[in-house]
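As structure tokens, the structure follows; a few thoughts come after it.
In this text the structure is predicted, and so the values were computed from the model without any measurement. Chain letters run A, B, ... following the sequence lines, proteins first, then strands; residues in each count from 1.
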Amino acid sequence: MPVPKVGILVFPGSNCDHDAYHAFKSVLGLDAKFIWHKETDLSGVDLVLVPGGFSYGDYLRSGAIARFSPVMQEVIKFAEKGGPVVGICNGFQILLEAGLLPGAMLHNQDLRFICKDVHIRLETTQTPFTSSLEKGAVFKIPISHGEGNYTIDPVGLQELKEHDQIVFRYCNAQGEITEETNVNGSVEAIAGICNRGRNVMAMMPHPERAAEEILGNADGKHILEAIAEQIG
Amino acid sequence: MSQTPSSTQDTLAFKEPEITPELVEQHGLTPDEFNMICDYLGRTPTYTELGVYSVMWSEHCSYKNSILEIKKLPRTGPQLLVGAGEENAGLVDIGDGLACAFKIESHNHPSAVEPYQGAATGVGGIHRDIFTMGARPVASLNSLRFGSPNNPRVKYLLDGVVRGIGDYGNSFGVPVMGGEVCFDPAYEGNPLVNAMSVGIVKVGETASAIAKGIGNPVIIVGSSTGRDGIHGATFASEEISEESEAKRPSVQVGDPFTEKLLLEASLEALQTGGVVGMQDMGAAGIACSTSEMSAKGLAGMKLDLDKVPAREDHMTAYELLLSESQERMLVVAEKGHEQEILDIYHKWDLNAVVIGEVVEGDRVQYMKDGVVKADIPADSLVLGGGAPQYVREAVRPAYLDALAAEKAPKLDTAEDLGATLCRLLGSPNIASKRWVFEQYDTMVRTNTVSGPGPSDAGVIRIKGTVKGLAAKTDCNGKYVYLNPRKGGQIAVAESARNVVCAGGQPLAVTNCLNFGNPYKPEVYWTFKEALGGMGDACRALNTPVTGGNVSFYNENPKGAIYPTPIIGMIGLVENVVAHATTIDFKALSEELFYVGAPRKGLDGSEYYMQVHGTRGKDAPEIDLDVEVRLQAAVLEMIRSGIVSAAHDLSDGGLAVALAEMALHSGIGAKIGEQELSDLAEAGSGSAQELLFSEAQSGVLFTLRGDSDVDARKKAEKICATHQIPLYYLGLTAGDFLEIEGMLAVSVSGLKTIYESYPFGK
């Protein structure tokens, strides 16, 4: 059986593309390839990974320009056909801007960039990316963003809840959600969501940065392995 | 550049001003220097030429008042792959066919008037120096100095500088692996912003800043050229004054996104093999990059400035040559390969235009509107060539005599030492800088083993090898002020000690020499002395200086900064999994030791500053011979696998170091009176000196509780071999830091105080 291939998009200004590549290829042992944003061929790709970074410098608004890149039209088609798509950080912002996920990102509540380890709690196992994990499991995963304050209108929020689309929430080490643990001010401490079709998921925290003991934290490996399982 | 007929006429209509003594003076050139220029040219310079000489001979570009002293520093060693000053950055061999390129640079003056952009472009500039050499930047560090943190202007500067460093580096995608922030009224009005970049390159794949090969095309790549930053280098070569605010337009504006594209495109272009040479455009823009590349390659260059992509209409030759618009580079390509190179830059949506060619001879010639605007022997412009070099007058400053006469404060035998420790931990120079470093991406590229936080130095792993790099920036300007020579020694010794405590073998140094006005003999004396001290320590520790940056004129009408030679130390961690060491206690009941010099003297200490409001009369004690043996012993112990935590003693001395080891882990320690008595007796006996002396060459460490029973014996043997005193202090234990008969404070209380300084509020 061929090794599943993760296609990692590269926009001008992507800077976690190499990190994702390293995590999937060297840590998880999957096949991985970069896909330049001007390419339009996703054939042979089993999972599209939209990595973190500052696509187009995050000028105008995070992800606002990247969504117009030629490759994104293909990613939308890929997703519409049920292909698995995962976004991390800037990838989350791009998928929001592209309309593949509902809601939008605001600047962090205190208007400052934040880079640190936080805890997130798994809210649903009803996605192909999280089905091998345990509901309520707590992971220590770093965040690194200036615009990660997720927001959505009340109707949209209601729909997210009704359809069990909230995948991760910010919490403390014990899994409790408090005002303090909601690090960037997101609505209902949302750290990650999926679409209604459940084949598109995105999260602000960076599991690929926490997948090896040498980096002081390997919690992220569990999440990446769960994601990989769905294409394995 | 789009040009309407009328704009062409306007450009042509620009008549260059006549060269007068006043104009020469306005350009910061002395009458003697002007005469040198006339001699080099064999005629009076044109206005454009005067501008070019003015920036190239500015302190910032020419090092004219510092180079003769810098050359006295040790600058050779088998680990160096390029000599100091030969290329844009130092290059050290780290084995496995890899080399580390690293350099530190200041952006003090721009940051003083426009902190956000000043700091951001400082970060951009130093990364460009690294990838110009073909190395991919993998980490950065920074050293910052500000006035009192309560001063509203300082709050504004701190906020802007931190945002600037963060926004640029975060977007560019290089993690901050370490640094330091210090506050002292001496930096009021003259903040220091020093940024260091560390890159990795395969040996043999480095690029050189050279122009050679007659007929080879010269390509400008990256951003368009605008009117920003004209005379930035000259501005950086003056004192900050009331008028400085008016020089805001001399500060460039950074675009990290374009720099990221420039990085990727340049590394890709280098892979083609069609690049002869590459140089970034920093100070003095096109003028500097063209003349430096020509001078290095012993070739001439002919350039058509009309071809330079310009941001604005009507730019003159003078402006195009001196613009310091950011995110630009100059590439000399192999003739016939230019299209391949241009295509790569275009793929990354960047400008890339052939603006000239390498020609016979030794002159750089700049054309505009079909007219030669400047025609200059390249060598006459550059450092090491025709740029002037001065030996300045040096006079020992009178303040040192006044200091020597100062009486030591009387110590209170009934002092509440626990309260003093808390006071020190909560003071701005010791308190946690979490508010600062959490605004920086410290993890991107997934190499960060120890970032800012509980480690004496930053450590990154090198993918594809078992190795790591440790790096630290350090300098206590107060020490250098109190005793320039000792202060210079300590800056090097401490940064090396930090690298050792993190598990690295110190390899080499880059430095950023921040001083006042070199034309003041007292300032120059401290400059010479501090460099002398640095040289002493670099020789002792076998860490040659690979290059760096000099920043003079860090003064304002109220006075000069503390002399502050920031040291950027690079070290190699042989086995990053096994040797990378942090300061936090790892487990209960582990044996705790002190190794090193006696705790003696309070001069220069934070204790004196915080409790007695004085700096004291001298820098703390240092004996380089002891330092060398200490570092060898500590590194050997770490490499032998017996050490679980190590922390060097610095600001706040033994007590603060112990508190930091505890509060970062949540584990306390119990130190008995009996155990401490030997160390106390080695010093002068007072509790305050024992706990708070900043005497150098001291390290605390714990032994792994889970290692074999011989760990303590092994430690004793290693320390005996290196003839360095070792003192057993006690065990890690419980929730309290307890030093019998002196203090007992809860670890959570220490942590709260340490984490509570209201930076940013």
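Partners of A:E123 according to the salt bridge (Lys or Arg N to Asp or Glu O under 4.0 Å) rule, which considers only residues two or more places apart in sequence or in another chain, are A:R121, A:R169. Residues meeting the side chain to side chain contact (heavy atoms under 4.5 Å, CB included) test with A:A226, sequence neighbours left out: A:S132, A:L133.
A pairwise comparison of heavy atoms in A:G13 and B:L261 identifies N-CD2, 4.1 Å as the closest pair.
Highest contact tally toward chain A, considering only B:G760, B:G468, B:G173, is held by B:G173 [criterion: heavy-atom pairs under 4.5 Å]. Ranked by heavy-atom pairs under 4.5 Å with chain A, the first of B:V444, B:I460, B:L263 is B:V444.
Identified under the salt bridge (Lys or Arg N to Asp or Glu O under 4.0 Å) test for residues 4-13 of chain A, with sequence neighbours left out: A:K5-A:D31.
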Write out the donor-acceptor pairs between chain A and chain B under 3.5 angstrom, atom names and distance to 0.1.
unit_1, atom_1, unit_2, atom_2, d
A:N15, ND2, B:N170, O, 3.2
A:N15, ND2, B:S171, O, 3.0
A:D19, OD1, B:R445, N, 3.3
A:D19, OD2, B:R445, N, 2.8
A:H22, NE2, B:R461, NH2, 3.4
A:K38, NZ, B:D349, OD1, 3.3
A:Y59, OH, B:D255, OD1, 2.5
A:L111, O, B:R163, NH1, 3.3
A:R112, NH1, B:D159, OD1, 2.9
A:R112, NH1, B:Q439, OE1, 3.1
A:R112, NH2, B:D159, OD1, 2.7
A:C115, N, B:E438, O, 2.7
A:S144, OG, B:D441, OD2, 3.0
A:R209, NH1, B:D441, OD1, 2.9
A:R209, NH1, B:D441, OD2, 3.3
A:R209, NH2, B:D441, OD2, 2.8
A:E212, OE1, B:R461, NH2, 2.8
A:E212, OE2, B:R461, NH1, 2.8

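Residue B:V174 does not touch chain A at all, counting heavy-atom pairs closer than 4.5 Å.
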